[in-house]
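Encoded as structure tokens, the structure appears first; notes follow it.
As a basis for the values below, the full set of heavy atoms in this structure was taken, side chains included, without hydrogen atoms, waters or symmetry mates. These numbers come from a predicted model, not from an experiment. Just so we're on the same page: letters track the sequence lines, and every chain starts at 1.
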Amino acid sequence: MPELPEVEAVSRRLREKAKGAEIRRARVLRPRTTYPQPASKVQRLAAGRTIETVERRGKHILIYLSGGVVLACHLRMTGNLYVIPDAGTRPLSTRLYLELADGRGIVLDDRRALGVVNAFPLAQAQTLMNKLGIEPLSAEFTPGRLIELAARSKMPAKVFLMDQRFISGLGNIYSAEALYRARIHPATPTNQIRPARLCRLHAAIVDVLNDAVKSAYIAYERPGQFREAERFPLAVYGREGDRCPVCHRRIRRLTQAGRSTYYCPGCQR
DNA sequence: CTTACCCCCTGTCCGC
DNA sequence: TGCGGACAGGGGGTAA
């Protein structure tokens, strides 16, 4: 599920519903969820504090609590984080929840249970987030910045885009979609892409993410629910064998860094 | 600095 | 119909 657009949608919805709420207590139902921290530490650090705000950094959701504590949440593959009306009535796949003073709950609902929640002092959260690459939807992400970053790596373009230390937030789907929009072959070594094409890639990244954020925000209108009708239209991802709408060649799949990459052999060179 | 595994989990799909 | 294996939008760790 979650790459930057979905995480942004989840984060916004959570902020709208839970900003200002007081956490009565926190319960970790699956100890591994707070790894490497003990569940007790997260429960203790969250209890009694007020949610000041909720922000996204890369694919992380940061819940800022009163007293300088941050809950850093990562949804990984199947996680979702949302407010439910009654903390006593939770989905089966709840791995951790925060019981709010008004009786509502915030749940980490995660079937595959790969999601993680840690509690950090503000400064430590800051340090960890500083290790992430540039925010692709921020003003600092410019064509020039992408050109600088690309010069530092000879990774295949797709692997580069997925590496959170360069740009944070792109995953398997939107990396492939951005490369398709930019007409760049996913295996091209990043430091060999010409500046003009990197400018095109920059625009493609920003456009695809902005489009997908809008779509994801609508799709997650109801907490914990995904509206199928609002699924973002994917040009190449998961479409092996389909015809490219532009050049009519069949979409191909290849494996890079253990993940599937989809691309159009006609458009992407 | 890379790549190439393995691990963490559950669920689904595909081929035999 | 049943079953084993591959694979799935995440990342961390370790070895080479």
Side-chain angles (χ1 to χ4, degrees), chain A residues 1-11 28-37 39 56-62 72-81 91-96 108-118 120 128-129 131-133 136 149-180 186-192 205 208-209 211-213 215-217 219-220 226-228 230-241 251 253-263:
Chain A
M1 189 248 319
E3 296 184 29
L4 182 151
E6 295 79 18
V7 176
E8 175 66 22
V10 167
S11 169
V28 178
L29 304 183
R30 185 188 183 87
R32 204 172 172 92
T33 297
T34 58
Y35 184 87
Q37 296 180 324
R56 178 193 58 76
R57 176 76 173 93
K59 297 178 202 171
H60 300 258
I61 295 169
L62 304 173
C73 315
H74 199 297
L75 305 178
R76 295 285 176 91
M77 298 286 265
T78 55
N80 198 351
L81 195 62
L92 278 177
S93 43
T94 299
R95 309 304 178 191
L96 170 154
L108 171 68
D109 181 358
D110 184 5
R111 273 204 291 209
R112 277 172 73 177
L114 298 171
V116 171
V117 177
N118 288 125
F120 298 117
L128 288 169
M129 293 306 126
K131 292 177 180 163
L132 290 174
L149 290 171
R152 303 205 321 237
S153 174
K154 55 183 180 186
M155 287 174 159
K158 160 75 164 17
V159 180
F160 169 83
L161 290 182
M162 286 189 62
D163 190 324
Q164 305 299 300
R165 294 167 304 177
F166 295 109
I167 300 168
S168 58
L170 291 166
N172 211 28
I173 292 183
Y174 297 110
S175 298
E177 294 295 314
L179 287 169
Y180 172 74
T188 316
T190 308
N191 61 1
Q192 287 176 30
I205 292 169
V208 78
L209 289 179
D211 290 351
V213 165
S215 169
Y217 185 69
Y220 288 93
F226 185 88
R227 256 167 62 184
E228 202 61 28
E230 295 296 338
R231 189 180 286 281
F232 186 73
L234 299 172
V236 287
Y237 182 84
R239 309 191 74 101
E240 183 181 19
I251 302 302
R253 179 167 74 98
L254 58 86
T255 298
Q256 293 180 292
R259 318 286 302 273
S260 289
T261 299
Y262 299 86
Y263 71 103

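- The side chain of A:Arg253 lies closest to C:dA8, out of B:dC9, C:dG12, C:dA8.
- Residue A:Phe166 contributes atom CZ, which lies 11 Å from atom C1' of B:dT2 at whole-angstrom precision.
- When distances run from any side-chain atom of A:Met155 to the nucleotides B:dT2, B:dC9, C:dG12, the shortest one goes to B:dT2.
- Relative orientation of the A:His60 and A:His74 rings is perpendicular, given thresholds of 30° and 60° on the angle between their planes.
- Phosphate proximity of C:dA8 to A:Ser260: present, with a side-chain N or O under 4.0 Å from OP1 or OP2.
- Closest to the A:Met77 side chain, of the nucleotides C:dA8, B:dT3, C:dG11, is C:dA8.
- One N or O on the side chain of A:Lys59 and one on the backbone of A:Leu170 form a donor-acceptor pair closer than 3.5 Å.
- The phosphate of B:dC9 has OP1 or OP2 within less than 4.0 Å of a side-chain N or O from A:Arg30.
- A donor-acceptor contact under 3.5 Å is not formed by the side chain of A:Arg259 with the base of C:dA8.
- In this structure, OH of A:Tyr35 is placed 10 Å from C1' of B:dC7, rounded to the nearest angstrom.
- Atom CZ of A:Arg239 is separated from atom C1' of C:dA8 by 18 Å (rounded to the nearest Å).
- In the set C:dA8, B:dG11, C:dG10, C:dG10 carries the atom at the smallest distance from any side-chain atom of A:Glu3.
- Formation of a donor-acceptor pair under 3.5 Å by the A:Thr78 side chain with backbone atoms of A:Arg112 is found in this model.
- The phosphate of B:dC9 has OP1 or OP2 within less than 4.0 Å of a side-chain N or O from A:Arg32.
- Closest to the A:Gln164 side chain, of the nucleotides C:dG10, C:dG11, C:dA8, is C:dG11.
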Fill in the dot-bracket string of DNA chain B, one character per base: . for unpaired, | for a pair to another strand, ( ) or [ ] for pairs within the strand, taking Watson-Crick or G-U pairs under 3.5 Å. .|||||||.|||||||
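- The same atom, P, is picked in C:dG5 and in B:dC6; the two are 15 Å apart, to the nearest Å.
- Nucleotides B:dC5 and C:dA6, compared at atom P, are 14 Å apart to the nearest Å.
- A:Leu4 approaches A:Ser168 most closely through the heavy-atom pair CD1-O, 3.8 Å.
- In this structure, A:His60 atom NE2 and C:dG11 atom P are separated by 7 Å, rounded to whole Å.
- The closest donor-acceptor contact from the side chain of A:Glu177 to the backbone of A:Val236 lies under 3.5 Å.
- In plain terms, the two heavy atoms of A:Val10 and A:Leu81 that are nearest each other are CG1-O, 3.2 Å.
- Taking atom P in both C:dC7 and B:dA4, one finds a spacing of 15 Å when rounded to whole Å.
- A sub-4.0 Å separation between OP1 or OP2 of C:dG11 and a side-chain N or O of A:Lys59 is present.
- In this entry the distance linking CG of A:Asp110 with C1' of B:dC8 reads 11 Å, nearest Å.
- One C1' atom belongs to B:dC1, the other to C:dG10, and the distance between them is 23 Å to the nearest Å.
- Look at CG on A:Asn172: it is 10 Å from C1' on C:dA8, rounded to the nearest Å.
- One can place CG of A:Leu254 at 14 Å from P of C:dC7, the figure rounded to the nearest angstrom.
- For the pair A:Arg112 CZ and B:dC8 P, the interatomic distance rounds to 13 Å; values are reported in whole Å.
- A donor and an acceptor atom, one from each side chain of A:Ser260 and A:Arg253, are located under 3.5 Å apart.
- Put simply, the side chain of A:Ser93 never gets that close to the backbone of A:Asp109: no donor and acceptor are under 3.5 Å apart.
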